[in-house]
Structure formats: structure tokens, C-alpha cells
**Student:** 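Quick one: structure below, then a few questions.
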Number of protein chains: 2
Amino acid sequence: MLTIGQLAAYAGVTIKAIRHYHERGLLAEPDRDSSGYRRYSAGDAVTLIKIRTLAGAGVPLARIKDLLDADPDALAAAIGEIDRDIDERITRLQVTRDQLSQLRGGDWLFVSPQVADYLDDLRNLGVSERAVRVERDGWILMQTASPEAAASWIAEKRELMADPEFRDLYLAHDAAYDWSPEDPRLPGLADRTRTWLTTHPSRSECEPVDNPAIARLAAQSQPGASSPAWERLARLMGASPASG
Amino acid sequence: MLTIGQLAAYAGVTIKAIRHYHERGLLAEPDRDSSGYRRYSAGDAVTLIKIRTLAGAGVPLARIKDLLDADPDALAAAIGEIDRDIDERITRLQVTRDQLSQLRGGDWLFVSPQVADYLDDLRNLGVSERAVRVERDGWILMQTASPEAAASWIAEKRELMADPEFRDLYLAHDAAYDWSPEDPRLPGLADRTRTWLTTHPSRSECEPVDNPAIARLAAQSQPGASSPAWERLARLMGASPASG
DNA sequence: GCTTGACCCTGCCCCTGGGTCAAGCTTCGA
DNA sequence: TCGAAGCTTGACCCAGGGGCAGGGTCAAGC
């Protein structure tokens, strides 16, 4: 006959766990010896190892309790189910591992794949990290408000980026962020932008999304995301569609 | 700006979890609107997805809190560590899955491999399941008391099973369990057993282990594990070494 | 203007699967 | 014979939330 410590060592379980199983009714309380110590049989060891194996597989104790006195067929069925569950957990762990590796490596985790691709395009174009971050945050807000609308907008915008003049304007606006508000290039840039806007009517019903000013709009909620040069640019463009 | 429900939906997390992260200091409490609702920014969504990813990998919340404002090098190191941890958990899950499959398939899980082999030998010999179970339980008790001694005994016993006369005696004792106590074969079996015991002095210091009577000894703790025929057999063998 | 349903707020207790500590008894080995 | 190790019960603690209570808010439809 075994003491609780011997049983625990044999089954590879802590003493505390055994008492826990007693409390939950998984393992019957054995008889006590004259001093009140619990005394276990070999059958208890067999049961305990079953419990440990099932618990190690993540089966809840309440379910283990049922399985222990289920008929062999039910047990076999349950084991099959648990087995599939383990497989699923393994694949989920592998997914998690992949996601972890993406934590160091861009925005893939935070936005839809389409937006992530778009952000990568921006980076390849030489857009500043600041602008990329502002775009990312804007797209997150849009995706939250309406994932379908964001999906169609992002498609439209990626198409737009194929236009060299638009790309040029985008990069110029990005660069202008750091210019002095008295920079002589600002009026010309404002003119070019206005011209582009009038010759390229937006197809989407939400105009600001389609031009670089979206960055300023999205940025309004973030302190310090605008600049003196951009403020002047906005004034120069006057009542352009972007300012509404 | 997002409500807590929108943020939760975007990040794939429950509202309750977000509030929990606020309590734990993982995610800063955002400003409230006029009605006291929390209002979130896109940056909160980015942080929350980081939290979710790390938490999904099993990283404790307290550690996530540290990692969120750690420098990139420390984060990369931590991610490497977490990655190894996930690998380990995957292999452990695979081991668990193997053990699970053994739950339906014998005694492999409950005793040492040597004892499991021995029990399989017994089954192949045609020994009754009752006797196998009694042997298994006896070996569990022995292994718990002294794994090394049990290891040498099991080796000795498997050697012994190579002796045809011993095998024969073992099977006869097993079969005798179900005989009538008046069965005329019992005196002859008692004689054969006594003869074998005198011509085969035990090498181990613990004699009962080396002969079939171990089954009876181990069974004494289990009610109903003996039988009328066995009782008579014990009386017939008189003061044999097995009866002590 | 009123209702209805969805959403949000705080605060509390509950769960699993144990770990840890305390205070006192028993058993074992030298 | 004495100290170390082992056993007893009981109470409290942890993560990571879930669920419920009891209430406030908001937007739409009638």
C-alpha cells in the first residue's frame, strides 16, 4: 500500500494534484491508516495515470471524471475527439508562431493583406515612415467602420497609384511635410494638386479617401501629425475638395 | 474613433478582455466621450493586436506589459525565446497524443516497459486477464517501493518463464483458480509445485516474488481475488515457502 | 415623444488547475 | 532518541477571463 507521496512520485504528479482530484471526485478517497494517512492501491495508480494523461491532453477535469467510468467504446470515441483537438491545437500553435515572427517585420498583422500590400507599395515608392504609419492608422479606422467599403477603397487607391502624376503628387505632399511654410514650391504644388483633382473626378462617393489629403484628415486625431507647411498648403488650395 | 465593441471586433478579442488589459495596465485607458464611453484610436488597435498575439502564444500578461515598451532588440530576443517555448509545447503535445493512444491498448502507460513486455508475454502464453491484472498491480506496488529491485526481479522472472516446467506450473495455477476445491487434480498440482520449489532455490532474497504464489500475495489486498480452489491449494502445499 | 434593442458602464463573484503557506501530527533512519 | 522528512487540513493566491446584476446611452422606427 502506498502513501500519497509514493503514489504521486509513481504517477508523476504532485501531492497537491492528487488531493485536488479527490476534491473533484476524480479519484476516490482511499482508506486511511491508523494515523489518518491515505493509503493507496495499485488500482489507484492506474486510475491516476489515466487522469494525468487525459489532463495533460487538456481535457477538463469534469470531463475526465465522466470518461473514467464510461464504457470502452465511449472512451475510444472521446479519445479520438481529443486527438483531433490536439491536432488542431498544434496547428494553431504553428499559426501563432508565424504571427509572432510577423511582430518583427511590418504591418502584416495589423491590417488586411490588401492594405499591407498597399503599405509595402508605399514604402517601395520611397514614402516616409511617418506617412506610412498615418495611412496604416487611417485604414485601420476605415476597416473597423466598414470592412467592405475599405476593401473597395483600397482597390481603387492601389489602381490610382499606378498613375505617375498621382504618385508624384503623393510623394511631393509627403516631402512637403518638412518644408518651411514659406517654401516657394508650395504654391506650385497647390496648383498641381488642384489641377489633378479637377481632371480626375473621384469614382468613390467618399472623396477624401482618394487623394493624399486623407493623410491629414486621418491625422487630425493624432496630435502633431500635421506641419506648418501642410497648413499653408491647405490654405493655398482654398476650397479644394480635400479641405471639406 | 472606435468604441470598445468595434475595437474588440477588429482585434478579434472580447470586450471583457480589453477591460482586463486596462486593469492590468497593458493597454492605456483611452479618453472617454461625453457619456463616459471609452473611445479608441488606431494605435490602440495596433497595441491590442500585439497583446492578442503574445497572449495567444501563452505569454503571461505581466510579461506582455514589459515587452510592449521594450526596445526592439529585447523584443526580438523575447520572441525567439517564446518561439522555442512553442516548439517545445508542440513536441509535448505530440508526446501526449501518443500516450493518449496507449490508453486504449494495454498496460504500456501504467508500468515500466520491461513489466509491460512481461505482461504481454503472459498474455501470449494464454494466462487469464485476471492473473495479468493481478500481476500488473503487484508490479506497480513493487516498482513504487523500489524501482531498482523491481527491475532486477522482473529480469529474473522473465528468465524463469523460459523454463517450460515453470510456465506449465504457472498456467496450471492460473487455471486452478476456477476449479472446484474438491477437484482431484489439486493434490498433484500441489506436489508438483513443492517439488519445483525444492529443486529451484530462489536466487533473489525475496522468495515469494519468484513463484506463482506472488499473485495470491498481491491479491490479498484486493477483495475476491482468491478462490476456494486456491485456498485448498495453499493448505495442500502446507508449510511451503509460498505460504509465508 | 416613446419604445425597442443594441451597446456601454462598474462591480462582484465564479471557474480551472493547481501553488504556497501555516500549524500540527507521524514515521523513518541514524 | 532525535531531527528530518512526510502527512494532515484549511485558507488564501494566481492567470485569464466568463457571467451576472443593475444601471446608463444611443439610434431607429412608429
Side-chain angles (χ1 to χ4, degrees), chain A residues 1-27 29-40 44 47-68 82 85 89 92 96 144-146, chain B residues 1-27 29-40 44 48-68 82 85 89 92-93 96 144-146:
Chain A
M1 304 303 282
L2 316 172
T3 68
I4 196 170
Q6 290 173 312
L7 178 68
Y10 185 78
V13 148
T14 66
I15 292 176
K16 195 64 215 240
I18 293 178
R19 292 206 272 246
H20 193 56
Y21 298 153
H22 285 322
E23 276 176 30
R24 301 302 168 105
L26 296 203
L27 193 62
E29 279 274 4
D31 292 339
R32 310 296 182 108
D33 65 13
S34 60
S35 64
Y37 286 15
R38 294 178 179 85
R39 290 296 176 162
Y40 295 90
D44 291 324
T47 305
L48 185 53
I49 287 176
K50 285 182 189 169
I51 294 172
R52 184 204 64 184
T53 305
L54 289 166
V59 180
L61 296 194
R63 181 139 184 250
I64 294 178
K65 184 180 176 183
D66 295 341
L67 288 180
L68 284 178
I82 295 164
D85 185 65
R89 273 155 59 198
R92 254 185 313 191
T96 298
T144 311
S146 171
Chain B
M1 303 302 281
L2 317 172
T3 67
I4 196 171
Q6 291 173 313
L7 178 69
Y10 186 77
V13 148
T14 65
I15 292 176
K16 195 72 207 241
I18 293 178
R19 291 206 271 247
H20 193 56
Y21 299 153
H22 285 321
E23 275 176 34
R24 300 301 169 104
L26 297 202
L27 192 62
E29 280 274 5
D31 292 339
R32 309 295 181 109
D33 65 13
S34 60
S35 63
Y37 288 13
R38 294 178 179 85
R39 290 295 176 165
Y40 295 91
D44 290 325
L48 185 52
I49 287 177
K50 284 182 190 168
I51 293 172
R52 184 205 63 183
T53 305
L54 290 167
V59 180
L61 297 193
R63 183 140 183 247
I64 294 179
K65 184 181 177 183
D66 296 341
L67 288 180
L68 283 177
I82 295 163
D85 186 64
R89 273 155 58 197
R92 254 185 313 189
L93 272 182
T96 298
T144 311
S146 171

**Student:** With a 4.0 Å heavy-atom cut-off, tell me which residues in residues 47-61 of chain A come close to DNA chain D, sorted by residue number.
**Tutor:** none
**Student:** If you find the nucleotide of DNA chain D closest to A62(B) and the one closest to Y37(B), which residue's nucleotide is nearer the 5' end?
**Tutor:** A62(B)
**Student:** Going by the rule side chain to side chain donor-acceptor pair (under 3.5 Å), which residues pair with R92(A) if we only count those two or more places apart in sequence or in a different chain?
**Tutor:**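 Partners of R92(A) under the side chain to side chain donor-acceptor pair (under 3.5 Å) test: none.
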**Student:** Tabulate below the donor-acceptor pairs under 3.5 Å that side-chain atoms of residues 13-20 of chain A make, not counting sequence neighbours, or state none.
**Tutor:**
unit_1 : atom_1 : unit_2 : atom_2 : d
T14(A) : OG1    : A17(A) : N      : 3.0

**Student:** Yes or no on side chain to side chain contact (heavy atoms under 4.5 Å, CB included) for I82(A) and L67(A), after CA distance, side-chain angles and deciding distance?
**Tutor:** CA-CA 12 Å; I82(A) 295 164; L67(A) 288 180; 4.2 Å; yes
**Student:** Have a look at R32(B) and say if it touches a base, only the backbone sugar-phosphate, or nothing, with a 4.0 Å heavy-atom cut-off.
**Tutor:** sugar-phosphate
**Student:** Any chance you could encode DNA chain D as dot-bracket? Rule is Watson-Crick or G-U wobble with both distances under 3.5 Å; [ ] for pairs crossing earlier ones, | for another strand.
**Tutor:** ||||||||||||||||||||||||||||||
**Student:** For K50(B), which residues count as a side chain to side chain contact (heavy atoms under 4.5 Å, CB included) partner, sequence neighbours excluded?
**Tutor:** L103(A), F110(A), V46(B), L68(B)
**Student:** With a 4.5 Å heavy-atom cut-off, do Y21(A) and L61(A) have their side chains touching?
**Tutor:**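 Yes; the side chains approach each other to less than 4.5 Å.
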**Student:** Could you check how far CZ of R39(B) sits from C1' of dC9(C), rounded to whole Å?
**Tutor:**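 Whole-Å distance recorded here is 13 Å.
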**Student:** If you take any heavy atom closer than 4.0 Å to DNA chain D, which residues from residues 14-27 of chain B end up in contact?
**Tutor:**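 Heavy-atom cutoff 4.0 Å gives T14(B), K16(B), A17(B), H20(B), Y21(B), R24(B).
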**Student:** Contact boundaries of DNA chain D with chain B (under 4.0 Å, heavy atoms), 5' to 3'?
**Tutor:**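 Range of nucleotides touched by chain B: dA15(D) to dC26(D).
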**Student:** Would you compute the distance between atom CG of L26(A) and atom CG of D66(A) and round it to the nearest 0.5 angstrom?
**Tutor:**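 Rounded to the nearest 0.5 Å, the CG-CG separation comes out at 9.5 Å.
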**Student:** Measure from the side-chain N and O atoms of R52(B) to the backbone N and O of G12(B), and report whether any donor-acceptor pair falls under 3.5 Å.
**Tutor:** no
**Student:** Taking salt bridge (Lys or Arg N to Asp or Glu O under 4.0 Å) as the test, write out the residues that go with D33(A), two or more places apart.
**Tutor:**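 Salt bridge (Lys or Arg N to Asp or Glu O under 4.0 Å) check on D33(A) returns R39(A).
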**Student:** Can a side chain N or O of R63(A) be found less than 4.0 Å away from OP1 or OP2 on dT16(C)?
**Tutor:**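 Indeed not, no polar side-chain atom of R63(A) lies that close.
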**Student:** Residues in ring-ring contact (aromatic ring centres under 6.0 Å, His included) with Y10(A), at least two apart?
**Tutor:**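 ring-ring contact (aromatic ring centres under 6.0 Å, His included) list for Y10(A), sorted by chain: empty.
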**Student:** In Å and rounded to the nearest 0.5 Å, what is the CG to CD1 distance from L27(A) to I51(A)?
**Tutor:**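 Going from the CG atom of L27(A) to the CD1 atom of I51(A) covers 5.0 Å.
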**Student:** Would you please name every residue forming a salt bridge (Lys or Arg N to Asp or Glu O under 4.0 Å) with R24(A), sequence neighbours left out?
**Tutor:** none
**Student:** Return the set of residues passing salt bridge (Lys or Arg N to Asp or Glu O under 4.0 Å) with R38(B) (not counting sequence neighbours), or none when no residue passes.
**Tutor:**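 If we apply the salt bridge (Lys or Arg N to Asp or Glu O under 4.0 Å) test to R38(B), skipping adjacent residues, the hits are E29(B).
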**Student:** Can you sort out the partners of D31(B) under salt bridge (Lys or Arg N to Asp or Glu O under 4.0 Å), two or more places apart, ordered by chain and number?
**Tutor:** none
**Student:** Distance check: side-chain N/O of T3(B) vs OP1/OP2 of dC7(C), anything under 4.0 Å?
**Tutor:**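 Checking T3(B) against dC7(C): no side-chain N or O falls below 4.0 Å of OP1 or OP2.
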**Student:** Reading DNA chain C from 5' onward, which residue's closest nucleotide shows up sooner: S35(A) or S35(B)?
**Tutor:**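 Counting from the 5' end, the first nearest nucleotide belongs to S35(B).
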